Amino acid sequence: MDLALSQEQAAVRRLAADFVDREVMPYAAEWDRRESVDTGIVKKLGDLGFLGLTIPEEYGGSGGDHFSYCLVLEELGRGDSSVRGIVSVSLGLVTKSIAAYGTDEQKREWLPRLCAGEALGCFALTEPDTGSDAASLRTRAERDGDDWVISGTKMFITNGTWADVVLAFVRTGGEGHRGISAFLVPTDTPGLTRREIHGKLGLRGQATAELVFDQVRVPDSARLGAAGKGFSIAMSALAKGRTSVAAGCVGIAQGCLNAAVSYARERQQFGKPIASYQLVQQLIANIAVDTDAARLLVWRVADLIDRGEPFANESNMAKLFASEAAVRAANNALQVFGGYGYIDEYPVGKYLRDARVTTLYEGTSQIQQLLIGRALTGVNAF
């Protein structure tokens, strides 16, 4: 499926597809086995402008629209969701937040390096006891003269051990969302320790970490946005971030479709290709429909963002459908492959493992359903 893309969008999509075919897919299985992508990929992403999409050129960005950004995320998702996650978090959640809410000094300090792939960012919201209920986070910052002193723990932080700056959400006031502020914390700040989490089901090549803040001192100039406005910054970032995740899920589904079609044409059983069997074609058809439906939902959100229209509920819908569709697509593709789908010689098992977490992070499927329901009825169910 290909609706009319502009020449610039089509060129960006081809560039991303070529990059994935050359620099990502040949190594994805190896990175998965060793539980780490080659971090040299970060500079390559920066050199191509993929870490600076939508960021103004005056700050080192590559400009472009959100639609192009989603096209790139789709291709990266097709290649390796661990690589897609690097871009989704560092650019989608951190760099864009600095561009939107940062002072000119903060922008000039961080944006050129982040866009160039010379630095990475991580987004520290989730805590050991705080997931969906982000407004109840416990990590706290106490004012001490011109500084803030941060103490607490963050969990499941993507890019956590690779990042050069943490966008940390901490409590500076009372309970609830109004007491949360955001800070930009360089990872070499004394008192900040990072531990990588291993043994994950999927996204094994991605650096996922626990961050511990033990009396971490930062100046007030490190605060991003106004005091007490951190929760709104986080929710604004996640509204667009869910679209990024959804775009990556479209890539997973497309990868599953490509793999299933190719294998079904080649694999012989009972004297003919398994593509000739009706139930195999049914599996492939279901993958194709899920892929195109998810893509259209993502493209709708990207178009709304680029036109400056409200998009939050459409983003929730895209994330809900695309993440569940990616899981279905991977399950169906694995069924086409049979026993061979269960080993990592072929990509569909990894697609399934990587897809599964997308129904959990940046808003579980259940939270997405409640958000959609609230938007439609005006009644809050949580």
Side-chain angles (χ1 to χ4, degrees), residues 55 59-60 89-116 118-130 134-196 207-238 241:
I55 304 300
Y59 293 111
V89 172
S90 190
L91 169 58
L93 298 182
V94 179
T95 306
K96 290 183 180 183
S97 294
I98 298 172
Y101 299 99
T103 63
D104 191 62
E105 181 181 354
Q106 289 170 333
K107 293 176 184 179
R108 296 198 181 282
E109 177 182 5
W110 290 112
L111 295 186
R113 286 192 287 156
L114 290 166
C115 292
E118 295 170 356
L120 278 180
C122 66
F123 187 86
L125 179 64
T126 300
E127 298 184 358
D129 296 319
T130 306
S136 68
L137 63 83
R138 298 178 183 177
T139 298
R140 179 170 289 277
E142 299 289 350
R143 192 68 186 259
D144 183 16
D146 293 332
D147 296 339
W148 294 87
V149 181
I150 305 172
S151 295
T153 302
K154 298 293 183 177
M155 182 60 77
F156 303 130
I157 307 304
T158 301
N159 294 344
T161 53
W162 295 343
D164 301 275
V165 61
V166 183
L167 176 50
F169 297 90
V170 303
R171 189 163 300 286
T172 56
E175 296 303 308
H177 66 273
R178 291 185 178 87
I180 296 171
S181 301
F183 290 88
L184 295 169
V185 183
T187 54
D188 59 1
T189 305
L192 174 59
T193 58
R194 302 178 284 171
R195 179 184 66 85
E196 189 160 340
T208 306
E210 175 189 52
L211 308 183
V212 178
F213 295 81
D214 183 9
Q215 298 289 296
V216 173
R217 181 177 292 270
V218 295
D220 187 56
S221 61
R223 178 169 40 81
L224 184 69
K229 297 298 183 180
F231 189 79
S232 62
I233 292 173
M235 294 303 104
S236 176
L238 290 172

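Everything numeric here is computed off the predicted structure, so don't read it as measured data. Throughout, residue positions are numbered sequentially from 1 according to the sequence presented. Only this structure's heavy atoms are used, side chains among them; waters, hydrogens and symmetry mates stay out.
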Distance (rounded to the nearest 0.5 Å) between [X] [atom1] and [Y] [atom2]:
{"X": "Leu114", "Y": "Ile55", "atom1": "CG", "atom2": "CD1", "answer": "9.0 Å"}
{"X": "Ile180", "Y": "Lys229", "atom1": "CD1", "atom2": "NZ", "answer": "12.5 Å"}
{"X": "Ile150", "Y": "Asp214", "atom1": "CD1", "atom2": "CG", "answer": "12.0 Å"}
{"X": "Leu211", "Y": "Phe156", "atom1": "CG", "atom2": "CZ", "answer": "12.0 Å"}
{"X": "Cys115", "Y": "Trp110", "atom1": "SG", "atom2": "CH2", "answer": "13.0 Å"}
{"X": "Asp164", "Y": "Leu184", "atom1": "CG", "atom2": "CG", "answer": "12.5 Å"}

Exercise for the section: List in chain and number order the residues that pass salt bridge (charged side-chain N to carboxylate O under 4.0 Å, His left out) with Arg223, two or more places apart in sequence or in another chain; answer none if no residue qualifies. Expected result: Asp220

Fill in the blank from the handout: Asp144 meets the salt bridge (charged side-chain N to carboxylate O under 4.0 Å, His left out) criterion, sequence neighbours left out, with Arg217

Given 3.5 Å as the limit, does a donor-acceptor pair link the side chain of [X] with the main chain of [Y], or not?
{"X": "Thr95", "Y": "Ser90", "result": "yes"}
{"X": "Gln106", "Y": "Ser221", "result": "yes"}
{"X": "Ser151", "Y": "Gln215", "result": "yes"}

Could you report the tightest heavy-atom contact between [X] and [Y], atom names first, then the distance?
{"X": "Leu224", "Y": "Ile233", "value": "O-CD1, 3.3 Å"}
{"X": "Gly241", "Y": "Leu93", "value": "CA-CD2, 4.0 Å"}
{"X": "Thr189", "Y": "Pro186", "value": "OG1-O, 2.6 Å"}
{"X": "Ala168", "Y": "Val185", "value": "CB-CG2, 4.4 Å"}
{"X": "Arg140", "Y": "Gly173", "value": "NH1-O, 3.3 Å"}
{"X": "Ala99", "Y": "Lys107", "value": "O-CE, 3.3 Å"}

Just distance, no hydrogens or angles: give the donor-acceptor pairs under 3.5 Å from side chains in residues 120-130, sequence neighbours left out.
from: Glu127; atom 1: OE1; to: Arg138; atom 2: N; distance (Å): 2.8
from: Glu127; atom 1: OE2; to: Arg138; atom 2: N; distance (Å): 3.4
from: Glu127; atom 1: OE2; to: Thr139; atom 2: N; distance (Å): 3.0
from: Glu127; atom 1: OE2; to: Thr139; atom 2: OG1; distance (Å): 2.8
from: Glu127; atom 1: OE2; to: Lys154; atom 2: NZ; distance (Å): 2.9

Practice task
Please identify each residue that fulfils side-chain contact (heavy atoms from CB on, under 4.5 Å) with Thr158, with sequence neighbours left out.
Solution key: Val89, Gln206

Completion exercise
Thr161 meets the side-chain contact (heavy atoms from CB on, under 4.5 Å) criterion, sequence neighbours left out, with Arg194, Glu196, Ala207, Ala209

Handout entry: Intermediate values then yes/no, side chain to side chain contact (heavy atoms under 4.5 Å, CB included), Thr172 and Phe183
Key = CA-CA 11 Å; Thr172 56; Phe183 290 88; 3.8 Å; yes

Exercise for the section: Give a yes or no on whether Asp104 atom CG has more than 12 heavy-atom contacts from other residues, nucleotides or ligands under 6.0 Å away. Expected result: yes

Is there a side-chain contact between [X] and [Y] (heavy atoms, below 4.5 Å)?
{"X": "Thr193", "Y": "Arg195", "answer": "no"}
{"X": "Ile98", "Y": "Leu111", "answer": "yes"}
{"X": "Tyr101", "Y": "Ser236", "answer": "yes"}

Handout entry: Qualifying salt bridge (Lys or Arg N to Asp or Glu O under 4.0 Å) pairs with a residue from residues 167-186, counting only residues at least two apart or across chains
Key =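 Residue pairs with at least one partner in residues 167-186: there are none.
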
